[in-house]
Structure formats: structure tokens, C-alpha cells
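These notes are about the structure you will find just below.
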Amino acid sequence: MPELPEVETIKLGLQKKIVGLTIKKIEVLSPKSFNGDVREVEGKKVLDVWRRGKVLGIDLSSVTLLFHLKMTGQLIYIPNDIRLTANDKRFIGGHPTPDMVGKMPNSHTRVIFEFSDGSYLYFNDQRRFGWIMVREKGEAERVKFLQKLGPEPLQKGFSWQILKLNLSKHPKTPIKVVLMDQSVVAGLGNIYASEACFDAKIDPRIKVKDLTDNQFQSLHRGVIKSLRYGIKYGGSTKTHFVDADGHKGYFLDYAYCYGRDKHPCKVCKTEIKKITLGGRGTYFCPRCQS
DNA sequence: TGCCCCCTGCAG
DNA sequence: CTGCAGGGGGCA
């Protein structure tokens with residue numbers, strides 16, 4: 001899924017588009033994707049759009065909608081004046097399949113929100129891992145998933161000491177695996193955990209207990225830097241991610257290791273290696289990160 | 001802490 | 001055909 005920068009990108013887009021609109025109707029095409037009662041949501045006005053870790057929240061009067069996009073989720077807003085054509089390349093990584101041409105929803109659309117001004121928000125999710133949850137306002141932050149989340153890495157209080165403290169709960173686990181633990185720090189996934197290790201010049205296989213304070217500090221900088229770059233370039237589109245306008249993100253063009261196995265390191269020309277850590281593909285430069 | 005699983009589709 | 005994919009819950 002979308003990791004923190006991708007969810008942040010969607011959030012920034014939706015804030016501009018849907019705050020103030022009223023949800024007129026919700027169509028649930030895939031019941032598994034929608035946890036709640038649509039009648040609690042229909043007729044409510046959008047007050048705010050926010051993000052916590054990889055979760056997106058939409059506050060309405062009296063209820064909150066929570067979204068987790070997991071691996072293939074998309075939230076695409078279509079204004080009421082848009083008419084799609086066969087040449088429109090805004091969907092699915094720029095390669096519209098026949099069933100998407102000229103229309104939304106497409107075959108991966110799971111939930112459709114219709115606003116009272118005639119515009120739509122489409123929740124698409126090929127693999128159906130993602131979810132939408134309806135919660136009473138105030139009850140939303142007590143959802144188990146949100147309660148377990150660690151600190152927000154882009155907020156002021158996130159220090160290298162806190163990062164070290166949280167990472168150190170898993171002394172014998174490879175650092176890159178622990179960075180992806182949402183209770184340690186919220187929002188890092190496979191791409192940005194790899195990039196943070198590269199930026200810090202740390203081998204992703206190193207166990208947390210073997211890191212020095214200097215390395216924790218580098219890692220802290222690397223985490224923040226890679227996430228900020230991710231946001232700056234509109235997120236990472238490997239296959240599915242698009243922003244609220246349906247546009248791809250370009251961070252992967254600037255990535256140092258993720259997805260670059262067999263290519264030369266942008267710093268030292270050494271071949272980037274791909275290994276498996278914690279069951280996930282992991283990329284690193286054997287020379288820079290040693 | 002490490003697997004298997006949820007589900008769908010694509011590349012090799 | 002097998003393996004793999006921005007995630008993460010549940011189980012030993």
C-alpha cells in the first residue's frame with residue numbers, strides 16, 4: 001500500500017476537494033471492503049481529512065470514516081465536470097484497461113461515494129486487502145489499529161532517542177524489519193524502510209542491538225528524509241498508487257535502492273542487491289551500506 | 001519471532 | 001506454471 005507519503009499525498013488532495021461537501025449516497029460493491037452502516041454516513045458533511053500512519057481519516061458530522069489502502073487501494077476523486085475519454089491515462093499506473101476507458105467505476109471499484117454536488121470518490125482495491133470503517137466520532141481513535149501505532153515520524157516530538165528506544169524492543173531483529181513495525185514508528189513500509197537504511201548507510205540485516213548511537217541518529221535522519229522526499233515527489237507508484245486526481249507519484253525515480261537490484265548504486269556504482277528479510281524483498285548497496 | 005493467510009494479477 | 005507484489009492479522 002501506500003505508505004505514509006502516499007497516504008499523505010492523497011490526504012492533501014482530498015482536503016482541497018471534498019471538505020465542505022455532503023455525502024449523498026454510498027454504494028458498496030464489495031461488502032468485505034466496508035465495515036459499517038452506510039445510513040450512518042449518508043447525508044453527512046465532510047469536516048476534515050487527516051492521516052495517522054498509513055490510515056486516512058475523513059471526519060463527518062458525528063462519524064468518522066477510516067481508510068486503510070493496504071497494497072492496492074486507491075481513492076480517486078472525479079469532479080462532476082469530468083468526462084473521461086479513451087485517451088485518458090490517469091488510471092492504474094497510466095495504463096487504462098478496456099473496462100476503465102471512459103468510465104469509473106472500473107472492475108476494481110469496491111465502494112463509491114456520491115457527493116451532493118454530483119462529484120464522486122471511488123475506492124478501488126484490486127486485492128481487497130484494504131478496508132473502510134465507520135466509527136462514531138471520538139470512538140475512532142480507540143480503534144485497536146490506531147492505538148497500537150508508534151510516533152508520527154514527521155512530527156516535532158519524534159527524536160532519535162525515541163526511535164532508538166522503540167527499535168530496541170526488538171534487539172535481535174534486522175533493523176529494516178523493525179522499521180516496518182507500525183508500533184515502533186508509524187508509516188514506514190517496504191520502500192521507505194529500505195531507503196532510510198540506505199540514507200543512513202546501514203546494512204538492513206544488522207540487528208538492532210548492534211547499532212551505535214551514531215547509527216540511530218543517521219537512521220532518524222534517513223527516515224525523515226526519505227519520507228519527505230516521498231511526499232515531495234507525490235509518492236511512489238510501483239503499480240497501483242495514484243493520488244486523489246488519479247496521477248502517479250514519482251519518488252521511485254529518485255530512490256537509491258528500492259526496486260534497483262542489478263542496477264549500479266547511484267553513489268558508488270556497486271550493483272544493488274536484493275535479498276529477503278522478514279519475508280519481504282529488501283534492496284541495498286553492499287558497499288555503501290556495510 | 002516467523003510462517004501462513006487474506007486476494008488478484010502480472011512478469012518471468 | 002510459479003513466484004512475487006507499497007500490508008498486516010492470527011497463529012504456533
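Order of the sequence lines fixes the chain letters, A, B, ..., with proteins taken first and strands second; residue numbering starts at 1 for each chain.
- For the pair A/Lys169 NZ and B/dT1 C1', the interatomic distance rounds to 16 Å; values are reported in whole Å.
- Between C/dC4 and A/Lys238, no contact under 4.0 Å exists linking OP1 or OP2 to a side-chain N or O.
- Rounding to whole angstrom units, CE of residue A/Met71 and P of C/dG9 are separated by 14 Å.
- Its glycosidic angle being more than 90° from 0, C/dG7 falls on the anti side.
- In this structure, A/Pro2 and A/Met71 approach most closely via the heavy-atom pair CD-O, 4.0 Å.
- A/Thr72 and A/Asp125 share a side-chain donor-acceptor pair at under 3.5 Å.
- The nearest whole Å value for the distance from the CG atom in A/Leu252 to the P atom in C/dA5 is 14 Å.
- In this entry the distance linking NE2 of A/His108 with P of C/dA5 reads 19 Å, nearest Å.
- With DNA chain C read from its 5' end, the first of the two nearest nucleotides for A/Gln182 and A/Thr276 is the one closest to A/Thr276.
- Closest to the side chain of A/Tyr258, out of C/dG8, C/dG6, B/dT8, is C/dG6.
- Counting distance only, with no hydrogens placed and no angle test, the side-chain atoms of A/Thr239 and the base atoms of C/dG6 include a donor-acceptor pair under 3.5 Å.
- Counting only distance, with no hydrogens or angles, the side chain of A/Ser218 and the backbone of A/Asn214 share a donor-acceptor pair below 3.5 Å.
- On a pure distance criterion of 3.5 Å, a polar donor-acceptor pair joins the side chain of A/Arg127 and the base of C/dA5.
- Comparing C/dG9, B/dC7, C/dG6 against the side chain of A/Lys32 picks out B/dC7 as the nearest.
- In this structure, the CD atom of A/Gln74 is 16 Å from the P atom of C/dG6, given to the nearest Å.
- When the C1' atom is compared between C/dC1 and B/dC6, the two are found 22 Å apart, to the nearest whole Å.
- Picking from B/dT1, B/dT8, C/dG6 the nucleotide with the shortest atom distance to the side chain of A/Gln126 gives B/dT8.
- Under a cut-off of 6.0 angstrom, the local environment of CZ in A/Phe145 is crowded, with over 12 non-hydrogen atoms contributed by other residues, nucleotides or ligands.
- With both ends at atom P, the span from B/dG12 to C/dG6 equals 15 Å, rounded to whole Å.
- Residue A/Tyr256 places its OH atom among 12 or fewer non-hydrogen atoms of other residues, nucleotides or ligands, all under 6.0 Å distant.
- Note on A/Thr173: a side-chain N or O is less than 4.0 Å away from OP1 or OP2 of B/dT1.
- Among the protein residues, A/Lys144 comes within range of no part of the nucleic acid, since none of its heavy atoms lies under 4.0 Å from any strand.
- B/dT1 atom C1' lies 15 Å from atom NZ of A/Lys209, rounded to whole Å.
- Between the side chains of A/His240 and A/Gln74, no donor-acceptor pair is found at a separation under 3.5 Å.
- Per the geometry, NZ belonging to A/Lys176 stands 15 Å off P belonging to B/dT1, to the nearest Å.
- As the counterpart of C/dG7, B/dC6 is assigned, both hydrogen-bonding distances of the Watson-Crick or G-U wobble pattern falling under 3.5 Å.
- Between the CG atom of A/Leu69 and the C1' atom of C/dG7 there is a distance of 11 Å, rounded to whole Å.
- Side-chain atoms of A/Lys148 and A/Ser183 form no donor-acceptor pair, as typed in the model, at a separation below 3.5 Å.
- The listed nucleotides are C/dA5, B/dC7, C/dG8; the one nearest the side chain of A/Arg128 is B/dC7.
- When the P atom is used for both B/dG9 and C/dG8, the distance is 22 Å, rounded to whole Å.
- Out of C/dG6, C/dG8, C/dC4, the shortest distance to the side chain of A/Lys274 is found at C/dC4.
- Counting any heavy atom pair closer than 4.0 Å across all strands shown, A/Tyr192 reaches no nucleic acid atom.
- Stacking between A/Phe129 and B/dC6 is present: the aromatic ring centre lies within less than 5.5 angstrom of the base six-membered ring centre, and the two planes differ by under 30 degrees.
- Of the candidate nucleotides C/dC4, C/dG6, B/dC6, C/dG6 has the atom nearest to the side chain of A/His240.
- For C/dG6, the base is not stacked against the aromatic ring of A/Phe241, per a cut-off of 5.5 Å between centres and 30° between planes.
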